[in-house]
Amino acid sequence: MNYFVIVYYALLIGGSCLAAYFKRREIFLALFSLTLASFVMGIVGGQDALWAVSIAAGLLALAGGTAYAFREFLVIISGTQTAKALRTAPLTASFGMFVIFTYAVLGIFAPVIAPFGEGEVISQSFAPADENMLLGADQLGRDLFSRIVYGARNTVGLALVATMIAFVIGVLLGMVAAVKGGWFDQLMGRIIDVVMSIPGLIFALLLLSIFGTNLIILVIIIGIIYAPRVFRLTRAVAGNVVVMDYIEAASLRGEGMWYLIRKEILPNSTAPLIAEFGLEFCFVFLLVAGLSFLGLGIQPPTADWGSMVRENATLISFGEITPLIPAAAIALLTVSVNFVVDWMLFRSSGLKE
Amino acid sequence: MGDVTRIIITRLGLGLLTLLVISVLIFGAVELLPGDIAQAVLGQGATEDNLRALRTELGLDRSAPVRYFDWLSGAIVGDFGLSLLTQSSVTDTIAPRFANTLFLAGYAAVIAVPVAIILGVIVALLRNTLFDRVANVATLTSISSPEFFLGYILILYFSVKTGMFPAIAKLSDDLTFFELLERTFLPALTMVLVVVAHMMRMTRAAIINLLASPYIEMARLKGTPAWKVIARHALPNAWAPIINVVALNLAYLITGVVLVEVVFVYPGIGQLLVDAVTKRDFPVVQACCLIFAATFILLNLAADVGAILTNPRLRHPK
């Protein structure tokens, strides 16, 4: 029994007593069940297990604190209307916004932030971390940290472009199908059905085997594969708008299809489309990362998170976690986008169950 | 019952039609190749004679529709032609690997389905509590992580640090069933983590949707005990969405398997597909894609049929 263990249990029990006193039932239940679980974990895993729990709790508190501070910051700098919406945002959503903001900064200012170039060989392969290199070197002796920073620009940028292509194609076709209806709508529906019945990754692999792994082709292929999802949503959303009276009024007054789409339908279906953009980005991002991991996406020497994991995977068998950092970066961004999308969907759908 | 059989036959027919269109797509995609297969295989430096020889050997001197029907009629009886690289039969290469992949997917499904459904129902019943929120964040994290991330984390902790399970799923014929289960545990667990998260969220949404319907409220208002509301009123109607969720996620397993197989060097069809794509071995790529697409369509079909069987209202479309 040393001080750490005593402080650990004192904090937990004190916390649960406080929660019980202030009638915060859920917090009390969570804290007290953690205390009980810690008895078992302490006996099975010893002090290390308790350390792991405290570190996890510390990280969680840090994330929560950052999210809270960032939300307050956003509330203060934004206008009254946005501030009102932001104030009700859950902490997960503001945490997501914070992470997205950080990634954007990393991506945009990559050359300034990264201490070395993305292709610069500065050390021996797999050299451990020292005062020059924060995370050590990769398999060719390039600085891992710099490459991760550049990866924020390359991987995320590529995924963004691909998502936009998918979005432009999907929204445009969906709108036209909703307005025109008839044979065009039917034909598009059938084509989309067929494309969607091939799993995305498999379709991408088929097309890549034919056209080779060229960056532009990659973006277009991914855009085409994910356009059908956008098409379906747009078609459904726009389909609900098209039957409105004001649309009929506009078309009676002789407005063309293009005007209807731009001025009447699009402004009335932005909320679900923006949420869909976030979701779509997650899918595209994971697909890009997966393809790069398979060696079929972004080609070396361009820094990319997916291929970095594969290239440095040998380190894992020595118990190193550095190869997992790019993978964790992928996961973190996807989770963050999902958090924000969750909140937006909740707000727009009014699912208050 | 004649009603139901007719619907199932219609669906089956539609599925077959989709598969036919996809086979055209898969075959046609290779035709889009700049130059042709012979050029792609031999590269820029090939002489005219070599090209002509290979074209005759591959039958490229015949027109595309003829070759398509040739390929399709072969594919129907399980003959996908010869590999461009090894000159061995594609079917012989694929068959054992496809069995391995099915085993891995089945292994993952057997663990994932019951766990996911039970957890999904529990989370739906405890909705908006702290437990629900923690589960929401945990499943979202698991869905958002690339499969290779989860796979390598499992390797790091269960294989490198503790040595409980092997990191590489090497298979051989003389393994007993339990050794096989042990060897493939980590890849299966990786897929379980992803699929359970998906299934839990979908089950939760389906059950919550159900619990909001008027007849559940009616049952509650007339004083039926909570467990009885679930067992008698909610569950019988929940089967349709749950079957749907399960089938959709099994279909998802089929694609997720590609990345997992590469991480764990598992001798399955996904690994084969990736190798073939890198080496541009088109007959193998086409065969693998067709098999993946067929499995995917079949599972989606199963979801449809299952939903129709358990929910009589769907038998009479408006």
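Chain identifiers are assigned alphabetically (A, B, ...) following the order of the sequence lines, protein sequences preceding nucleic acid strands; residue numbering begins at 1 within each chain. All values below come from the heavy atoms of this structure, side chains included, with hydrogens, waters and symmetry mates left out.
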Go through the atoms of [X] and report whether side chain, backbone, both or neither lie under 4.5 Å from a heavy atom of chain A.
X	value
B/Ile143	backbone
B/Phe296	side chain
B/Leu273	side chain
B/Val277	both
B/Asp281	neither

Can you measure from CZ (A/Arg24) to CG (B/Leu130) and round to the nearest 0.5 angstrom?
10.5 Å
Rounded to the nearest 0.5 Å, how far does CD of B/Glu147 lie from CG of A/Leu286?
7.5 Å
Looking at [options], which one has more heavy-atom pairs under 4.5 Å with chain A than the rest?
options	answer
B/Ala293, B/Cys289, B/Ala294	B/Cys289
B/Thr295, B/Leu156, B/Thr141, B/Leu25	B/Leu156
B/Val137, B/Leu17, B/Ile155	B/Val137
B/Leu259, B/Thr18, B/Leu19	B/Leu259
B/Asn300, B/Thr278, B/Ile153, B/Thr129	B/Thr129

Neighbour count above 12 (heavy atom, 6.0 Å) for [X] [atom1]:
X	atom1	result
A/Ile216	CD1	no
A/Phe32	CZ	no
B/Tyr68	OH	yes

I need the minimum non-hydrogen distance between [X] and [Y], along with the two atoms involved.
X	Y	value
A/Leu206	B/Ala29	CD2-CB, 4.3 Å
A/Ser197	B/Ile297	O-CG1, 3.9 Å
A/Ser209	B/Val285	OG-CG1, 3.8 Å
A/Asn338	B/Ser144	ND2-OG, 2.9 Å
A/Ala327	B/Phe149	CB-CD1, 3.2 Å

Residue among [options] with most heavy-atom pairs under 4.5 Å to chain B:
options	value
A/Val309, A/Ile321, A/Leu296	A/Val309
A/Pro90, A/Ala328, A/Pro323	A/Ala328
A/Leu205, A/Leu29, A/Leu332, A/Leu201	A/Leu205

Taking the six-membered ring for Trp, are A/Phe293 and B/Phe148 parallel (under 30°), tilted (30 to 60°) or perpendicular (over 60°)?
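If you compare the ring of A/Phe293 with that of B/Phe148, the planes turn out parallel.
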Heavy-atom cut-off 4.5 Å, strictly under: side chain, backbone, both or neither for [X] against chain B?
X	answer
A/Phe285	neither
A/Thr92	side chain
A/Ile316	both

Non-hydrogen side-chain atoms of B/Val21 and A/Arg190 separated by less than 4.5 Å
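A side-chain contact is absent here, since even the closest heavy-atom pair is not under 4.5 Å.
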Decide yes or no for A/Ile198 and B/Phe292: does some side-chain heavy atom of the first lie under 4.5 Å from some side-chain heavy atom of the second?
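With C-beta onward as the side chain, the pair stays apart.
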Could you please spell out the steps behind the side chain to side chain contact (heavy atoms under 4.5 Å, CB included) verdict for A/Leu294 and B/Val258?
CA-CA 9 Å; A/Leu294 295 175; B/Val258 175; 4.3 Å; yes
